[in-house]
Protein chains: 2
Amino acid sequence: MIELLTIGDELLSGRTADTNASFIARALTEAGLSAGRFSSVGDGLEDIRRALTGLLPDTRFLIATGGLGPTDDDCTAQAAAATFGRKLAVSRAAIGTMERRYREFGRPMPDAAKKQAVLPEGCVPIENPVGTACGFLIKDAGRQFFFLPGVPEEVHAMTGFIIEHILRECGMRQIIKSRTLKVFGLWESRIQELLKDRLPDLPAVALGFYPSFPEVSLKITATGSDEQQIDNELLLFQTVIQEHVGDYIYSDNNETMEEVVGRMLAAQGASLAVAESCTGGLITHRLTNVPGSSAYVERSFVVYSNRAKQELLAVPEAALAEYGAVSEPVARLMAEGARKAAGTVYGLSVTGIAGPEGGSAEKPVGTFFIGVAAPGQTIVKKQFFPGTREKIKIMSSQMALNHLRLVMMGKGIE
Amino acid sequence: MIELLTIGDELLSGRTADTNASFIARALTEAGLSAGRFSSVGDGLEDIRRALTGLLPDTRFLIATGGLGPTDDDCTAQAAAATFGRKLAVSRAAIGTMERRYREFGRPMPDAAKKQAVLPEGCVPIENPVGTACGFLIKDAGRQFFFLPGVPEEVHAMTGFIIEHILRECGMRQIIKSRTLKVFGLWESRIQELLKDRLPDLPAVALGFYPSFPEVSLKITATGSDEQQIDNELLLFQTVIQEHVGDYIYSDNNETMEEVVGRMLAAQGASLAVAESCTGGLITHRLTNVPGSSAYVERSFVVYSNRAKQELLAVPEAALAEYGAVSEPVARLMAEGARKAAGTVYGLSVTGIAGPEGGSAEKPVGTFFIGVAAPGQTIVKKQFFPGTREKIKIMSSQMALNHLRLVMMGKGIE
């Protein structure tokens, strides 16, 4: 079994949330391994030592993070040396690696940093591809103890090495590949229903569901020793999932919705103007998070007032009076007005009620209309998603981008 | 000492990050208490039992979360009963509380839910103000074990009770009050310098720094038995901090920047139009996250193209050609153009280079100009903040809102 130990006073005080444990745990799970316990202790030498000796009876591997920095209160190496009755000594290998890192960064190595190369004798340094502090591995009485720095980016970069090492030590399949499908429009339970009894029976392939509002990521992970076979198994799994989940999968490459929409616009050489009411700028914020989006985002209008809808999008006052600002005709006029005013290929509009005020029996909070104006047609769709103001904004921005995606794919909005 | 135990297979698999431990730890720290160890184990009865018996030698209180739900794999109550050699029995108090909660929710209590009232004999139920599952407290051999459900909202609602209980048991001060000052424009290290040797020596008052890009929250927490004294001490601390940190404190009430700016606009009965280039809608998205923002956000323009700047904001083509879109004159023309086009009291503009492309030696990525057009004056400020596209957008939106705040306060932009 594998145990995780995260070290740091900032964890125990609640100042920092522990993201390292869940990151490593997820990586272990995807490799077919599993963690049996997480623990967190403070920076004190005695606390760390006690944690290192108080392992679960069947723990064979321990992965620890934190306490490897250059300051005096970083004493994980000291605690590890004390635990295993070893001396501390400057590791030539670690010093060499650190000197090389500093050269790459173009900075001289400060004297204080040298403390980070003082490691328990007989340990194996673990290279840190993104920082200067090495990790190290101690083998003792059939158990293996990995020590990493606590900086999340460094943990992310070093976890792969550890997992490969553990797999090799356990004589397990050593190649791990994964693929992430992004699904929007179906919740996890519905996806599970659609896939029930459909997935091929491949013991070396695992499917993980990671819901993150408003969407779900499906991560397919395959392990094995034959790369060609792994690729085939991944592809088979993906194909079956795509067959049953269909266009609800908007990316098979872990992209965001705005990256997918942006990529499609760029591929078509098309431009876009957005008219946002209840989303308040969120759609355009998301689109412009993508580098290079200035190639297709021409402009957007956040038309919070009726006057703005009239002046900027030429929505007639009469339409606003007759149907209300949150209505099918106004969404249509907004999308077409944005497209025309900006001279773009596509116009996208959202008008709705994000709450908490402004709802009515006929149009409760969470009602919104999405309009997509494309060459030759405008499609408007009414939607309802009750929730907090924040969630309604997120969901309506996501639905709007997804509707534009479907229209660009030549699919009607269902 | 206090230990935390979080229970759930979803934690060990990395599917869910553990936010309960850090929430409880922070609440303990603010109350002057401290946690000595966190552990996480899976849902298995034996794992939980082993964790409950494997306490640290000096642990007096254990707070556990998770495994109290209605399904078969929720077996924390069973594990607790086994640990302490107690029988499980339906708790009349717990059943009564649950029935009352379901009545309040207007739903009949499902049979499956009754399992949640089956608790170890002799325990004390802990009321859950936001859900149906009770928590419970077991006292055994001088130690006290608290068990809470794992749903974060429920943990948040029940932690206060536990902390008060622990403080009472330890004969400690029992009233806890806190106040959060939000600081923007100074990093934590600079704030600490400004406050060094300035803060009154009050042992019952603690100051916590919680940086969250792009700002820092200062949480002052005072504990004691005399409410009047606590209020006085809090106020004294706050006054000293305000004296030295000054206008960098934008809220003394834990508000967001957009809430503060919105509150000021509403108080003045003033309206706002925003012209966004590199922020791409983020400023308006943030402003419209605040309920009631339609009272002062009239409209916004996301003018990603030069043509949009000309057509919507009347920025002359010659100005764009002469100075470039990212320039002091264009930021000024954008702010004034937005104010004029929308007929609002204030116009706010940002134009800059969010990268990763588009930088030059003269105007590197991270250069931006902020314009605030107010009645009778327009103030433009050049800023530079290097970083990722995402961070540049966040920082420039925050600086823009902050500059508007300072202008509305009648302060020049320094």
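Quick note on labels: first sequence line is chain A, next is B, and so on, each numbered from 1. Values in this document were obtained by computation on a predicted structure and should not be read as measured data.
Only the side chain of B/R389 comes within contact range of chain A, with at least one heavy atom under 4.5 Å from a heavy atom of that chain. With a threshold of 4.5 angstrom between heavy atoms, A/A341 approaches chain B through N, CA, C or O but not through any side-chain atom. Contact of A/S294 with chain B is made through backbone and side chain together, with heavy-atom distances under 4.5 Å. Looking at A/T19, there are no atoms closer than 4.5 Å to chain B (heavy atoms on both sides), in backbone or side chain. Heavy-atom distances place the side chain of A/L56, and not its backbone, under 4.5 Å from chain B. Looking at A/L28, there are no atoms closer than 4.5 Å to chain B (heavy atoms on both sides), in backbone or side chain. Looking at A/R307, the atoms closer than 4.5 Å to chain B (heavy atoms on both sides) sit in the backbone and in the side chain alike. Looking at B/L287, neither its backbone nor its side chain comes within 4.5 Å of chain A, counting heavy atoms on both sides. With a threshold of 4.5 angstrom between heavy atoms, A/N289 approaches chain B through its backbone and through its side chain. Using a 4.5 Å cut-off between heavy atoms, B/S34 makes no contact with chain A at all. When heavy atoms are compared at a cutoff of 4.5 Å, A/A342 approaches chain B solely by way of its backbone atoms N, CA, C and O. Of the atoms belonging to B/F23, not a single heavy atom falls under 4.5 Å from chain A. Contact annotation for B/S271: neither backbone nor side-chain heavy atoms come within less than 4.5 Å of a heavy atom of chain A. Residue contact with chain B, scored on non-hydrogen atoms closer than 4.5 Å, involves the backbone and the side chain of A/E298 alike.
The greatest number of non-hydrogen atom pairs below 4.5 Å with chain B, out of A/T29, A/V297, A/L282, is found for A/L282. Ranked by heavy-atom pairs shorter than 4.5 Å toward chain A, the options B/T16, B/T279, B/V41, B/L312 are led by B/L312. Top candidate by heavy-atom pairs under 4.5 Å with chain B, chosen from A/I283, A/V290, A/I24, A/L4, is A/V290. With chain B as partner, the option from A/S13, A/G355, A/G281, A/A17 having the largest number of non-hydrogen pairs under 4.5 angstrom is A/S13. Listed options B/D18, B/T284, B/N306 were ranked by heavy-atom pairs under 4.5 angstrom with chain A; first place goes to B/T284. Listed options B/L11, B/L33, B/D9, B/D47 were ranked by heavy-atom pairs under 4.5 angstrom with chain A; first place goes to B/L11. When each of B/R37, B/R26, B/R15 is scored by its heavy-atom pairs under 4.5 Å with chain A, the top score falls to B/R15. Heavy-atom pairs under 4.5 Å with chain B were tallied for A/E390, A/R299, A/E311; the largest tally goes to A/R299. Of the residues considered (A/S39, A/P211, A/A308, A/G54), A/A308 shows the highest number of contacts with chain B, using heavy-atom pairs under 4.5 Å. When each of A/P291, A/A273, A/G42 is scored by its heavy-atom pairs under 4.5 Å with chain B, the top score falls to A/P291.
Residue B/E3 holds its CD atom at 6.0 Å from CG of B/L62, rounded to the nearest 0.5 Å.
Here the side chains of A/F209 and A/V216 are in contact, with some heavy-atom distance below 4.5 Å. Looking at heavy atoms from C-beta onward, B/V315 lies in side-chain contact with B/L320 at the 4.5 angstrom threshold. Between A/L272 and A/V345 the shortest side-chain heavy-atom distance does not fall below 4.5 Å. Contact annotation: the side chain of B/F301 approaches that of B/V303 to within less than 4.5 Å [non-hydrogen atoms, C-beta and beyond]. A 4.5 Å side-chain heavy-atom check between A/K309 and A/S277 finds at least one atom pair inside the cut-off.
Residues B/Q192 and B/S189 have side chains that never bring a donor and an acceptor to within less than 3.5 angstrom of each other. Side-chain polar atoms of A/K393 and B/T288 form a donor-acceptor pair below 3.5 angstrom. Remark: the A/S40 side chain and the A/T6 side chain contain an N/O donor-acceptor pair separated by less than 3.5 Å.
In this structure, B/K219 fails the cation-pi test against B/Y210, since its NZ or CZ atom is not both closer than 6.0 Å to the six-membered ring centre and inside 45 degrees of the ring normal.
Annotation for B/E188: atom CD counts as buried by contact number, over 12 foreign heavy atoms lying within 6.0 Å. The number of heavy atoms from other shown groups lying within 6.0 Å of CD (B/E357) does not exceed 12. The number of heavy-atom neighbours closer than 6.0 Å to NZ of B/K363, taken from other residues, nucleotides and ligands shown, is above 12.
A/R286 pairs in a salt bridge (Lys or Arg N to Asp or Glu O under 4.0 Å) with only one of the listed residues (A/E258, A/E276, A/E259), which is A/E258.
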